[in-house]
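These notes are about the structure you will find just below.
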Amino acid sequence: MSVILGVESSCDETAVAIYTPSLGIIAHEIYSQIDLHQIYGGVVPELASRDHIRKTLPLIQTALECAKLSASAIDAIAYTRGPGLIGALMVGASIAKALAYAWQVPAVGVHHMEAHLMAALLEERAPAYPFLALLVSGGHTQLVQVNDFGSYILLGQSVDDAAGEAFDKTAKLLGLPYPGGPHLARLAKTGNPNTFHFPRPMTDRLSGLNFSFSGLKTHAVHCYQKNGVAAKADIAAAFEEAVIDTLFIKCQRALEQTNLHRLVVVGGVSANEQLRAKLAQLNIEVYFPRKEYCTDNGAMVAFTGYQRFSRGFYDKDQTIQVKPRWEMTEITD
Ligand code: KG4
Ligand code: ZN
């Protein structure tokens with residue numbers, strides 16, 4: 001039996017989990033840096049790195065205690081190699097590789113977006129391959145044809161802001177706290193999505209499967225300047241509906257184009273309730289991870305580490321290498 005420790009540190013969450021194939025996730029610890037970055041209105045990379053340094057080892061210790069395991073029970077250590085903030089990635093990678101060296105076990109570098117994708121396969125109701133994946137996070141908006149583990153075809157992606165980034169920037173503009181996505185979604189519940197009309201960018205057939213969300217943010221700025229504070233909730237509702245409709249139209253189109261009948265939706269924005277409800281209307285099987293596995297977490301890294309380790313993919317030397325920019329289609333071994 002393999003026992004895999006997973007360490008996630010790509011952005012502003014320090015997260016650690018332990019996975020075994022027979023029992024699933026047996027420990028799951030997360031420390032969010034929200035309070036640290038709040039006053040700056042966004043993630044400050046240097047502060048993020050320093051905080052990962054403080055939190056990673058204590059979280060690993062807590063996870064081991066929680067699973068009632070000693071370090072000698074760990075068979076491999078998975079860590080997020082990229083994409084993400086270089087300093088934050090370096091902290092997680094250095095700690096994972098140092099521990100792997102000390103404990104004489106392999107280290108397994110994991111792709112953050114592949115880990116988001118695998119989060120859906122952690123669920124009891126898991127999708128079978130092949131499927132269409134919509135990856136929607138703070139840094140990515142992508143449609144990917146997933147033929148098997150490690151076999152990915154990029155069908156489309158955002159040409160500017162990612163969906164989560166657009167949520168966060170629009171939320172900031174409306175005076176909501178960081179990270180704005182969940183706050184904007186909460187405010188949208190109290191607004192009327194029909195008071196203002198927001199465009200559905202790049203949904204004409206010619207635009208294919210790419211996305212563009214930065215125009216929606218600009219539209220929100222103008223709408224706010226013109227209508228003032230009283231219109232905030234209606235702007236939030238119209239913005240959210242425009243993003244969700246756009247994602248829905250593109251998913252529909254990608255399903256038609258690929259002839260796939262299963263859709264898997266992952267990444268931070270997949271926690272959005274309106275998005276989940278809208279995509280559930282598609283006449284196919286739709287899969288989401290549970291909400292705590294939508295946003296950054298250690299469980300997805302531990303599980304992806306297991307998938308890779310069990311196929312013989314792990315770091316073959318001691319060098320610490322991270323990849324701040326890294327396409328999912330370029331994952332090798
Ligand atoms: O996957 P994630 O935790 O980190 C990245 O890999 O980027 O995604 C974070 C993003 C943020 O932009 C956050 O605002 C957004 O996901 N998000 C949401 C919701 N929950 C998180 N956006 C809209 N509605 C939500 N409920
Ligand atoms: Zn993420």
Side-chain angles (χ1 to χ4, degrees), residues 6-15 17 30-34 37-38 41-43 45 48 79-85 88-89 92 110-120 133-142 157-158 160-174 176-189 191 211 213-214 216-217 220 236-237 239-247 264-279 288-301 303-304 323-326 328:
V7 179
E8 156 62 29
S9 73
S10 66
C11 190
D12 58 348
E13 240 89 47
T14 318
I30 184 156
Y31 175 80
S32 169
Q33 302 180 351
I34 287 179
H37 302 292
Q38 187 84 256
V43 181
Y79 64 94
T80 304
R81 178 178 292 156
L85 300 170
L89 290 168
V110 162
H111 191 290
H112 183 76
M113 296 313 291
E114 184 177 59
H116 270 302
L117 184 63
M118 286 300 118
L134 172 67
L135 298 108
V136 268
S137 70
H140 293 78
T141 299
Q142 294 186 330
Q157 61 184 332
S158 179
D160 42 50
D161 291 351
E165 191 180 357
F167 263 97
D168 294 344
K169 287 179 174 170
T170 305
K172 195 170 180 179
L173 153 91
L174 295 175
L176 301 173
Y178 149 87
H183 291 281
L184 189 146
R186 221 167 292 133
L187 178 64
K189 279 192 186 145
F211 305 86
F213 290 112
S214 72
L216 284 179
K217 172 194 66 199
F239 168 85
E240 185 184 49
E241 196 178 80
V243 173
I244 291 170
D245 270 359
T246 305
L247 293 172
V264 175
V265 191
V266 299
V269 182
S270 69
N272 184 285
E273 282 168 27
Q274 302 298 325
L275 176 67
R276 291 166 94 100
K278 179 83 183 176
L279 292 174
F288 303 92
R290 71 191 70 173
K291 287 196 186 164
E292 61 182 319
Y293 294 167
C294 288
T295 43
D296 290 349
N297 65 84
M300 66 184 197
V301 177
F303 181 56
T304 309
K323 297 186 176 185
R325 297 176 75 88
W326 188 13
M328 239 171 85

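Hydrogens, waters and symmetry mates are skipped; everything else that's a heavy atom, side chains included, is used. Just so you know, ligand 1 is whichever comes first in the structure, and atom 1 is the first atom listed for that ligand.
- For ligand 1, none of its N or O atoms has an N or O atom of Met113 under 3.5 Å away.
- When only interatomic distances are considered, the shortest N/O to N/O separation between Gly181 and ligand 1 falls below 3.5 Å.
- The part of Asp168 lying near ligand 1 is the side chain, judged by heavy-atom distances below 4.0 Å.
- Protein heavy atom closest to atom 9 (C) of ligand 1, with residue, atom name and distance, is Gly138 N, 3.8 Å.
- Geometry at the Zn ion (ligand 2): NE2/His116 and NE2/His112 form an angle of 100°, nearest 10 degrees.
- At a heavy-atom cutoff of 4.0 Å, ligand 1 is contacted by the side chain of His116 but not by its backbone.
- Within the 4.0 Å heavy-atom shell around ligand 1 one does not find Cys11.
- Under a 4.0 Å N-O distance rule, the pair Glu240/Lys189 does not qualify as a salt bridge.
- Close contacts of ligand 1 with His112, meaning ligand atoms under 4.0 Å from a residue heavy atom, involve 6 (O).
- Of all atoms in ligand 1, listed by their number and element, those nearer than 4.0 Å to a heavy atom of Gly139 are 7 (O).
- Under the side chain to side chain contact (heavy atoms under 4.5 Å, CB included) test applied with Phe211, the options Asp161, Asp160, Thr141 reduce to a single match, Thr141.
- Polar contact with ligand 1: absent for Glu13 (N/O pair, distance under 3.5 Å).
- From the protein, the heavy atom lying nearest to atom 23 (C) of ligand 1 is Asn272 ND2, 3.6 Å.
- Atom CZ in Phe239 sits 12.0 Å away from atom CG in Leu187 (nearest 0.5 Å).
- Inclusion of Gly164 in the set of residues having an N or O under 3.5 Å from an N or O of ligand 1 is warranted.
- A donor-acceptor pair under 3.5 Å is formed between the side chain of Gln33 and the backbone N or O of Ala48.
- In terms of distance to the Zn ion (ligand 2), the nearest N, O or S atom of Asp296 is named OD1.
- Where the criterion is an N or O separation shorter than 3.5 Å, residue side chain and backbone included, Gly268 meets it with respect to ligand 1.
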